[in-house]
Visitor: 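I have a structure I would like to understand better, so I am pasting it below and will then ask my questions one at a time.
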Amino acid sequence: MEFKHVSIMLDQVIENLSIKEDGIYVDGTVGGAGHSSVILSHLGPEGRLICLDQDNDAIKTAKERLNDSRVNVVKSNYVNMDAVLNDLDIDKVDGILLDLGVSSYQFDNGDRGFSYRMDAPLDMRMDQDSPYTAEDIINDYSEQELYRVIKEYGEDPFAKNIAKHIVKAREIKRIKTTFELNEIIKNAIPAKARREGGHPSKRTYQAIRIELNHELSVLENSIDGMIDMLKPKGRLCIITFHSLEDRIVKQRMKTAENPCICPPEFPVCVCGRKSKGKVVTRKPIIPDAEELEENPRSKSAKLRVFERR
């Protein structure tokens, strides 16, 4: 299957990266290399582009599509970006991009198990070399742990009942496929809610995927470090696709801009914490009407930008 993925808010990303011809840029989630291909086209002979991804198929595709001496493609999670740059003898960079979430390729490739619309093994690994899959979470987590994951990461009002039905079903036999899980979730949700809402499995799949791939903890533990990697005026651009991600990005960028922890009544700052820069996007950038029409999957996307001082 060809790695196809429509780059979200491509023009807005390129504009906000403020690309310099001789700059060094990092695409922390290269995917199908859509954003990276355009970033590369803006670089001169002295420019450099470092592309990371933990997906084997994305790495293979990026190497084929970005076959250029100015590009380094590295299989790694972006949480390891600092180590990757150190290995390449790079101290600071001019811009970093993260396009979070699941790519269209991952959703549409039935074998990967990300989609509830195709019958497949319960996989959901963004890194195919990881030994742990969604099947392990579904079958090995306790009922309380499943409830926590589905409630916290899926924000599903029926999380308790879904967890209960999963545990009951796996007592009969191990749950191995997406369609088996779909049937269990459907039976756990009232008929009225199934008729009025979207697909009953959507929230649970999001929750299991986030838990399996440690998506939120990786994001939260990476933002400060990425800001520190930027040169003065360098920019960090992050595209999120759901409120949990966006909340983390918004808060971490806000804290980087104003890290002071002094009580409000103090006339001057005494904590000594210095601002690392400014939030460029007071409100997140969202896709325009034309993009929404051409790519409905961009509907929930939000772009936030931070500039290093």
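The residues of the chain are indexed from 1 along the displayed sequence. Atoms considered below: every heavy atom in the structure, side chains included; atoms not considered: hydrogens, waters and symmetry mates.
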Visitor: Please say yes or no: joined through hydrophobic side-chain contacts below 4.5 Å, possibly via intermediate residues, are L40 and Y25 part of one cluster?
Guide: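 In one cluster: yes.
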Visitor: Kindly write out the residues that satisfy side chain to side chain contact (heavy atoms under 4.5 Å, CB included) with V84, not counting sequence neighbours, or none if the list is empty.
Guide: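 Counting only residues at least two positions away or on another chain, V84 forms a side chain to side chain contact (heavy atoms under 4.5 Å, CB included) with I50, L52, V74, S76, L88.
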Visitor: The criterion is salt bridge (Lys or Arg N to Asp or Glu O under 4.0 Å); which residues satisfy it with R282, sequence neighbours excluded?
Guide: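 Testing R282 for salt bridge (Lys or Arg N to Asp or Glu O under 4.0 Å), a comparison that skips the adjacent residues, returns E257.
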Visitor: Decide whether Y105 and N109 meet the rule of one side-chain donor and one side-chain acceptor closer than 3.5 Å.
Guide: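 Their side chains do contain a donor-acceptor pair, which is all the 3.5 Å distance test asks for.
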Visitor: Indicate yes or no: does D108 engage R297 in a salt bridge with an N to O separation below 4.0 Å.
Guide: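 Yes, charged N to carboxylate O under 4.0 Å.
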Visitor: Which residues satisfy the side chain to side chain contact (heavy atoms under 4.5 Å, CB included) test with S37, sequence neighbours excluded?
Guide: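 Expected list: A33, L66.
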Visitor: Would the distance check show the side chain of D156 and the main-chain N or O of K151 forming a donor-acceptor pair, the cut-off being under 3.5 Å?
Guide: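 Checked: no pair found.
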Visitor: What pairs meet the salt bridge (Lys or Arg N to Asp or Glu O under 4.0 Å) rule with one or both residues in residues 21-37, with sequence neighbours excluded?
Guide: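 Applying salt bridge (Lys or Arg N to Asp or Glu O under 4.0 Å) to every pair that reaches into residues 21-37, excluding sequence neighbours, yields nothing.
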Visitor: Which atoms form the tightest heavy-atom contact between C271 and C262, and what is the distance?
Guide: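 Residues C271 and C262, closest heavy atoms: N-SG, 3.3 Å.
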Visitor: If I compare all heavy atoms of V218 with all of N213, which pair ends up nearest, and what's the gap?
Guide: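 What the structure gives for the nearest pair is CG2-O, 4.4 Å.
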Visitor: Does anything in residues 182-194 pair up under salt bridge (Lys or Arg N to Asp or Glu O under 4.0 Å), and if so which pairs, sequence neighbours excluded?
Guide: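 Sorted result for residues 182-194: E183-K186, K192-E196.
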Visitor: What pairs with D82 under salt bridge (Lys or Arg N to Asp or Glu O under 4.0 Å), at least two apart in sequence or on another chain?
Guide: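 Here no residue qualifies.
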Visitor: Is it the case that one hydrophobic cluster holds both L244 and I286, taking links as side-chain heavy atoms less than 4.5 Å apart, direct or via other members?
Guide: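 No, no single cluster joins them.
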Visitor: Does any pair with a residue in residues 262-278 pass side-chain hydrogen bond (donor to acceptor under 3.5 Å, both in side chains), and if so which ones, sequence neighbours excluded?
Guide: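 Only D228-K276 qualify under side-chain hydrogen bond (donor to acceptor under 3.5 Å, both in side chains).
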Visitor: Can you list everything that forms a salt bridge (Lys or Arg N to Asp or Glu O under 4.0 Å) with D140? Sequence neighbours excluded, please.
Guide: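 Counting only residues at least two positions away or on another chain, D140 forms a salt bridge (Lys or Arg N to Asp or Glu O under 4.0 Å) with R174.
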Visitor: Do NZ/NE/NH1/NH2 and the carboxylate oxygens of E245 and K302 come within less than 4.0 Å?
Guide: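 No, this pair does not count.
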Visitor: Output yes when E155 and R203 qualify as a salt bridge under the 4.0 Å nitrogen-oxygen rule, no when they do not.
Guide: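 A salt bridge is absent here (no side-chain N lies under 4.0 Å from a carboxylate O).
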Visitor: Would E215 and R209 pass as an ion pair if we require N to O under 4.0 Å?
Guide: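 Counted as a salt bridge, because a side-chain N and a carboxylate O are separated by less than 4.0 Å.
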Visitor: Which pair of non-hydrogen atoms, one from L97 and one from I39, has the smallest distance, and what is that distance?
Guide: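 Heavy-atom minimum between the residues: CD2-CD1, 4.5 Å.
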Visitor: List for me each residue that meets salt bridge (Lys or Arg N to Asp or Glu O under 4.0 Å) alongside K283, sequence neighbours excluded, and say none if there are none.
Guide: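 Counting only residues at least two positions away or on another chain, K283 forms no salt bridge (Lys or Arg N to Asp or Glu O under 4.0 Å).
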Visitor: Sequence neighbours left out, what pairs pass salt bridge (Lys or Arg N to Asp or Glu O under 4.0 Å) with at least one residue falling in residues 111-130?
Guide: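 Those involving residues 111-130 are D55-R112, D57-R112, K75-D127, K75-D129, D123-R125.
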Visitor: Test: ring pair (Phe, Tyr, Trp, His ring centres under 6.0 Å). Region: residues 199-236. Which pairs qualify, not counting sequence neighbours?
Guide: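 Residue pairs with at least one partner in residues 199-236: Y116-H199, Y116-Y205.
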Visitor: Sequence neighbours left out, what passes side-chain hydrogen bond (donor to acceptor under 3.5 Å, both in side chains) with Q251? Give chain and number order.
Guide: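 By the side-chain hydrogen bond (donor to acceptor under 3.5 Å, both in side chains) rule, Q251 matches T255.
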Visitor: Quick check on the hydrophobic clustering: are I166 and F179 connected, directly or via other members, by side-chain heavy-atom contacts under 4.5 Å?
Guide: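 I166 does not cluster with F179.
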Visitor: Let me check something: do L100 and V279 share a hydrophobic cluster, defined by ILVMFWY side-chain heavy atoms less than 4.5 Å apart, either directly or through other members?
Guide: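 L100 and V279: one cluster.
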